[in-house]
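See below for the structure under consideration.
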Protein chains: 2
Amino acid sequence: MNDPDFSRCIRDAGGRVTAARLAVLRCLAAAEEPLTPDEVLEHLTQTPGHVPDRVTIYRAIDWLSAHGLVRRLATVGRAARYEPVEDREAHAHFQCRRCGQTRCLPAPSPPLPALPPGYVAERVELVIHGLCAACRAGENA
Amino acid sequence: MNDPDFSRCIRDAGGRVTAARLAVLRCLAAAEEPLTPDEVLEHLTQTPGHVPDRVTIYRAIDWLSAHGLVRRLATVGRAARYEPVEDREAHAHFQCRRCGQTRCLPAPSPPLPALPPGYVAERVELVIHGLCAACRAGENA
DNA sequence: GGAGTTTTTGCCATTTTATTGCATTTTTAC
DNA sequence: GTAAAAATGCAATAAAATGGCAAAAACTCC
């Protein structure tokens, strides 16, 4: 995805194309893992160009999320993590219980459990909890 | 599960049996849904008997969690939610995107995705996002 | 391309959620 | 019952997120 694409996504969603939204979307798309709002800010700080305010990043993420361009993940850590909604394969997430790292795993969509009457499922999320390689090696450190 | 059981669980885990730990464990076990620490406090406030401090509830939950009696769920909402670790069937969780309600769903364990080398999986969590019956009905309200 | 309208931003303050330090109390072993 | 260790309560603090409002930016129309 390049910038014109990002701009069009935002425009198509009915919003204004602003530096903050572009930067946030670009940052999340470039990241290998889902990021927290503060991590997005950190990345943008280390990148040439305009750095939006922290509150603006929260609002940009909220907007992107409300318009389906970005997705909030269920996380165990304190801060919410977001990833871009792309036409990628369905995938799961791994969360390390020691360092909190969250990363994407290739995985097919699991079977959908039966819901109570009247409930509607919109998305299925699979989270694997465990230890990453580094934490496993250093657990006794 | 009754109180003597709770006491023994705590003792077996190598901790002291205190009013706060018992109350928190009893509360989580009695709840139909996973609760946040503040919800636990609220429940305990409405219950006859000693009401522990909020911080004590956090610490009791941390201890119970560290000793495998209680489990922290991956959530989309802001506050962490906990449920007792019992010998129940494996189950999934439903989260309503509108009201934030989290409830348990019967579901078999989904297949485990392949992990990167060195990674260890300890638990698999399945989260269904969507709308609960009430929110679906009242979405235009 | 410039004026006018609407949306978005930045800053400040505030709320919500969670954690830390330390003196006091409670639990447990003996 | 007493002593040692662990847990609690309170106050302060940190971390994560939100709300209000004036200033700035993006878009529309001509």
Using atom CD of Glu39(B) as one end and atom P of dT16(C) as the other, report the distance to the nearest whole Å.
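It works out to 14 Å between those atoms.
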Co-members of the apolar cluster containing Val55(A) [side chain, <4.5 Å]:
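For Val55(A), no cluster forms, as it stays isolated from other hydrophobic side chains.
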Who clusters with Val76(A)? Use side-chain heavy atoms, under 4.5 angstrom, across I, L, V, M, F, W and Y, and order the result by chain and number.
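Noted: Val76(A) shares its cluster with no other residue.
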Report the C-alpha distance between Arg97(B) and His129(B) in whole Å, list the side-chain angles of each, state the deciding distance to 0.1 Å, and finish with yes or no for side-chain contact (heavy atoms from CB on, under 4.5 Å).
CA-CA 7 Å; Arg97(B) 74 162 145 81; His129(B) 303 274; 5.9 Å; no
Is it the case that the base of dT8(C) and the side chain of Arg21(A) share a donor-acceptor contact (distance under 3.5 Å, atom types as modelled)?
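No pair found.
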How bent is the helix from dG1(C)-dC30(D) to dC30(C)-dG1(D), comparing axes over its five end pairs at each side, to the nearest 10°?
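Its terminal axes enclose an angle near 50°.
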Taking side-chain hydrogen bond (donor to acceptor under 3.5 Å, both in side chains) as the definition, give me every residue that meets it alongside Gln101(B), ordered by chain and number, with sequence neighbours left out.
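Listed in chain order: Tyr119(A).
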Considering only heavy atoms of chain A and a distance under 4.0 Å, specify the first and last nucleotide of DNA chain D in 5' to 3' order that meet this criterion.
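Boundary nucleotides touching chain A, in 5' to 3' order, are dA15(D) to dC27(D).
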Taking CZ in Arg54(B) as the centre, count heavy atoms belonging to other residues, nucleotides or ligands within less than 6.0 Å. Is the count above 12?
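Incorrect, the count does not exceed 12.
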For residues Phe94(A) and Val120(B): do they belong to one hydrophobic cluster (side chain heavy atoms under 4.5 Å, members Ile, Leu, Val, Met, Phe, Trp, Tyr)?
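Looking at the clustering, Val120(B) is in a separate group from Phe94(A).
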Salt bridge flag under 4.0 Å for residues Glu39(B) and Arg81(B):
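Between Arg81(B) and Glu39(B) there is a salt bridge, with a charged N closer than 4.0 Å to a carboxylate O.
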Ala19(A) vs Ala20(B), nearer the 5' end of DNA chain D by closest nucleotide
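Nearest nucleotide further toward 5': that of Ala20(B).
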May I ask you to test the Arg71(A)-Glu125(A) pair for a side-chain heavy-atom distance under 4.5 Å?
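The answer is no, as the side chains (C-beta and beyond) never meet within the 4.5 Å cut-off.
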Contact check, side chains of Cys104(B) and Pro34(B), non-hydrogen atoms, under 4.5 Å
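Yes, close enough: below the 4.5 Å cut-off.
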Of Thr36(B) and Gly15(B), the one whose closest DNA chain C nucleotide lies more 5'
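The answer here is Thr36(B).
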Hey, which sits more toward the 5' end of DNA chain C by its nearest nucleotide, Arg78(A) or Val17(B)?
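Checking each residue's closest nucleotide, the 5'-ward one belongs to Arg78(A).
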Could you identify which residues of residues 47-63 of chain A place a heavy atom less than 4.0 Å from some atom of DNA chain C, listed by residue number, or say none?
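His50(A), Pro52(A), Asp53(A), Val55(A), Thr56(A), Arg59(A) - these, ordered by number, are the residues of the stretch whose heavy atoms sit under 4.0 Å from the strand.
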Evaluate the side-chain contact (heavy atoms from CB on, under 4.5 Å) criterion for residues Leu69(A) and Phe6(A): first the C-alpha distance (whole Å), next the side-chain angles of each, then the deciding distance (0.1 Å), finally the verdict.
CA-CA 9 Å; Leu69(A) 300 177; Phe6(A) 290 141; over 6 Å; no
If you measure from CZ on Arg21(B) to SG on Cys9(B), what distance do you get to the nearest 0.5 Å?
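Spacing of CZ (Arg21(B)) from SG (Cys9(B)) equals 13.0 Å.
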